[in-house]
Amino acid sequence: MHMEDFKTEYCDRGICRDSEICGGCVYQGVPYEEQLSNKYGEVKALMDNKSIDYDEFLPIEPAPDRYEYRNKMEYTFGDMVKDGPVTLGMHKKKHFMAIVTVDECQLVHPDFNKILQATLNFVNERGYKHYHKKKHVGLMRNLIIRRGVRTGEILVNISTSSEGEPGSQWEHVGQRFDEAAYVELINSLDLEHEVVGILRTINDRLADAVICDELRILQGRDYYNEEIMGLKFKVSAFSFFQTNIAAVENLYTYAINLIDDFENKKAFDLFCGTGTITQVLAKKASDVLGVEIVEEAVEAAREAAKLNGLDNCRFIAGDCFKVLQTIDDVPEVMVVDPPRVGISTDALDKIISYGLDQIVYISCNPKTLAENLYYMQYYGYKIVSVKPFDNFPGTKHTECVALLRKVK
């Protein structure tokens with residue numbers, strides 16, 4: 001999309017009501033052209049400061065949708081002021097304890113806001129207490145909503161402590177959460193999507209994170225279906241999945257099209273997550289190996305491969321370097337998509353040792369991308385191109401795709 005098209009394609013909806021206090025976004029109210037310009041400049045500065053000798057630094061790719069693009073949100077119960085009314089939403093800017101109710105968020109589908117507001121009313125009407133991060137007491141912890149953008153399915157997962165639960169150490173403390181009434185509430189809402197699962201997660205851990213000690217299916221199932229890149233996926237309650245479906249399809253399509261030829265070749269997809277790229281490569285490659293450290297993601301990838309009828313891709317769960325050390329396979333094609341910490345030096349050395357003519361590097365953190373590219377540049381790779389992608393409008397995050405070629 002060209003810059004002159006932005007005013008018609010990305011008209012502002014108005015500044016978010018909570019833009020001054022919500023810690024979820026940094027660019028609310030900032031014109032989209034300026035957001036893109038800032039992100040482009042930040043990535044380019046990181047590359048130039050690391051003396052990355054790229055042939056091309058390409059324009060940033062805008063997101064297909066600026067609003068309602070997030071398919072998952074983790075909301076936290078708390079309060080805005082000490083001992084004030086219970087709130088539900090995101091952390092206040094620069095405040096660890098305060099929580100801002102975000103029931104008019106522009107980055108999610110309106111169904112999310114309806115479920116959030118109804119849940120908060122439900123909690124306040126019953127006088128349930130939020131979990132206190134320092135005192136480690138209280139019932140309500142989190143609300144997690146996930147949706148299938150292509151399938152119109154929604155999962156609602158309410159996370160609480162075990163207060164009031166028979167048999168728990170907190171059996172005689174606080175109130176017991178009314179599961180049946182909550183299911184009735186969710187079913188009564190006028191939503192565009194179909195609620196395919198209502199879940200309750202019991203979490204008694206001290207950490208301020210969504211951790212599952214016990215998962216209860218109150219109604220339906222514990223997964224939703226999604227489609228991406230022509231592939232089908234079953235996304236479970238806690239499995240990783242891409243947050244912006246349309247944007248990541250653009251990014252993956254671009255990345256795969258950078259590969260000169262992978263038909264009937266052996267390919268590696270390192271840090272493969274739930275295996276989307278692995279399976280796209282498997283449609284033409286002879287054999288594809290996906291490596292991912294998160295075991296649950298690997299299980300989801302294996303299940304998806306069966307669902308999509310692909311028997312020429314396999315997945316190994318484990319640390320990338322350790323896995324590569326234990327296998328004799330030598331790839332002809334390679335795509336890497338590491339987490340925010342980037343690729344370790346040991347893993348980079350192993351990747352470089354294959355001597356591949358071409359490597360496609362997908363990054364969710366331009367800073368570690370620049371560090372890894374500098375290392376690979378030093379050890380014989382030319383950086384052909386770097387292209388930023390704005391997959392998360394309104395936020396500080398930028399994704400990138402880099403193409404590397406072995407210096408002859």
Side-chain angles (χ1 to χ4, degrees), residues 11-19 22 24-25 28 64-78 85-90 99-128 130 139-160 177-201 210 215-228 233-238 241 243-246 393-394:
C11 56
D12 287 330
R13 296 189 178 188
I15 297 175
C16 171
R17 179 195 68 188
D18 306 309
S19 62
C22 176
C25 303
Q28 280 289 359
D65 302 296
R66 182 177 170 187
Y67 301 105
E68 298 183 19
Y69 64 81
R70 287 194 64 90
N71 61 9
K72 177 187 177 184
M73 286 294 283
E74 291 184 359
Y75 303 109
T76 301
F77 286 96
V86 174
T87 54
L88 174 58
M90 309 298 289
I99 299 297
V100 181
T101 295
V102 290
D103 56 347
E104 293 185 10
C105 180
Q106 298 178 353
L107 302 190
V108 297
H109 188 276
D111 282 355
F112 282 54
N113 294 329
K114 289 181 181 179
I115 294 169
L116 183 152
Q117 185 59 67
T119 300
L120 182 58
N121 290 341
F122 178 87
V123 167
N124 280 323
E125 286 168 3
R126 284 159 178 75
Y128 295 153
H130 71 85
L139 179 63
M140 306 308 302
R141 300 201 65 158
N142 300 94
L143 171 67
I144 306 98
I145 305 175
R146 308 189 70 162
R147 77 174 176 123
V149 175
R150 301 280 162 73
T151 60
E153 297 182 346
I154 273 190
L155 275 185
V156 179
N157 185 0
I158 192 80
S159 174
T160 75
F177 184 77
D178 192 335
E179 296 177 348
Y182 187 66
V183 170
E184 184 179 354
L185 167 74
I186 297 301
N187 287 332
S188 72
L189 299 178
D190 181 19
L191 303 176
E192 182 179 324
H193 292 73
E194 176 189 5
V195 177
V196 297
I198 304 174
L199 316 173
R200 182 185 177 192
T201 295
V210 180
L215 182 64
R216 299 179 183 177
I217 301 178
L218 307 184
Q219 178 180 288
R221 42 182 158 89
D222 63 349
Y223 67 89
Y224 70 91
N225 294 298
E226 185 58 288
E227 298 175 8
I228 182 172
F233 290 86
K234 289 169 65 175
V235 186
S236 62
F238 292 103
F241 203 71
T243 308
N244 187 339
I245 298 299

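Residues Val235 and Tyr223 fail the side-chain proximity criterion, which asks for heavy atoms closer than 4.5 Å. Contact check for Tyr75 versus Thr119: no side-chain heavy atoms found under the 4.5 Å cut-off. Residues Phe177 and Leu139 are in side-chain contact: their nearest non-hydrogen atoms beyond the backbone lie under 4.5 Å apart. Inter-residue side-chain proximity for Asn187 and Gln219 is flagged as met; some heavy-atom pair is nearer than 4.5 Å. Taking the side chain as every heavy atom from C-beta outward, Met73 and Leu143 never approach each other to under 4.5 Å. Using a 4.5 Å heavy-atom cutoff, the side chains of Val102 and Phe112 are not in contact.
Taking the ring axis of Tyr69 as reference, the NZ or CZ atom of Arg66 does not stay both within 45° of it and closer than 6.0 Å to the ring centre.
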**Request:** Determine, stepwise, if the pair Tyr128 / Asp178 fulfils side-chain contact (heavy atoms from CB on, under 4.5 Å).
**Result:** CA-CA 10 Å; Tyr128 295 153; Asp178 192 335; 3.6 Å; yes
**Message:** As a quick check of understanding, evaluate side-chain contact (heavy atoms from CB on, under 4.5 Å) for Ile115 and Val156, giving each step before the final call.
**Reply:** CA-CA 8 Å; Ile115 294 169; Val156 179; 3.9 Å; yes
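Counting non-hydrogen atoms of other residues, nucleotides and ligands closer than 6.0 Å to CD of Glu227 gives a total above 12.
Here Thr101 pairs with Thr87, Asp103, Leu116, Leu120 under the side chain to side chain contact (heavy atoms under 4.5 Å, CB included) rule; sequence neighbours left out. Scored by the salt bridge (charged side-chain N to carboxylate O under 4.0 Å, His left out) test, Glu104 finds Arg17 as partners (sequence neighbours excluded). Partners of Asn157 under the side chain to side chain donor-acceptor pair (under 3.5 Å) rule, at least two apart in sequence or in another chain, are Thr201. For Ile217, the side chain to side chain contact (heavy atoms under 4.5 Å, CB included) partners at least two apart in sequence or on another chain are Leu199, Asp222. Residues satisfying the side chain to side chain contact (heavy atoms under 4.5 Å, CB included) criterion with Glu74, sequence neighbours excluded, are Lys72, Ile144, Val210. For the side chain to side chain contact (heavy atoms under 4.5 Å, CB included) test, residues two or more places apart in sequence or in another chain that qualify with Asn113 are Cys105, Val108. Partners of Ser159 under the side chain to side chain donor-acceptor pair (under 3.5 Å) rule, at least two apart in sequence or in another chain, do not exist in this structure. The side chain to side chain donor-acceptor pair (under 3.5 Å) check on Thr76 picks up Asn142, with sequence neighbours excluded. With sequence neighbours left out, the ring-ring contact (aromatic ring centres under 6.0 Å, His included) criterion links His130 to no other residue. For Phe233, the ring-ring contact (aromatic ring centres under 6.0 Å, His included) test picks out Phe241, with sequence neighbours left out.
Within the structure, salt bridge (charged side-chain N to carboxylate O under 4.0 Å, His left out) contacts touching residues 139-159 (residues at least two apart or in different chains) are Arg150-Glu249, Glu153-Arg221. The salt bridge (charged side-chain N to carboxylate O under 4.0 Å, His left out) pairs that include a residue from residues 105-123 number zero, where partners must be two or more places apart or lie in different chains.
With hydrogens and angles ignored, the 3.5 Å screen pairs no side-chain donor or acceptor of Ser19 with any backbone N or O of Gln28. Between the side chain of Tyr182 and the main chain of Arg200, no donor-acceptor pair closer than 3.5 Å is present.
With rounding to the nearest 0.5 angstrom, the CD atom of Gln106 is 9.5 Å from the CG atom of Asp18. The structure places CD of Glu184 at 9.5 Å from CZ of Phe122, a figure rounded to the nearest 0.5 Å. Distance check, rounded to the nearest 0.5 Å: CD1 of Ile154 to CG of Leu189 gives 10.0 Å. Between the CG atom in Leu218 and the CD atom in Glu179 there is a gap of 5.0 Å [rounded to 0.5 Å].
For the residue pair Cys25 and Gly394, the shortest heavy atom distance occurs at CB-O, 3.2 Å. Between Pro393 and Asp65, the shortest heavy-atom contact is CG-O, 3.8 Å. Looking at every heavy atom in both residues, Arg126 comes nearest to Ala181 through NH2-CB, 3.7 Å.
The closest side-chain donor-acceptor pair between Asn71 and Glu226, if any, does not fall under 3.5 angstrom.
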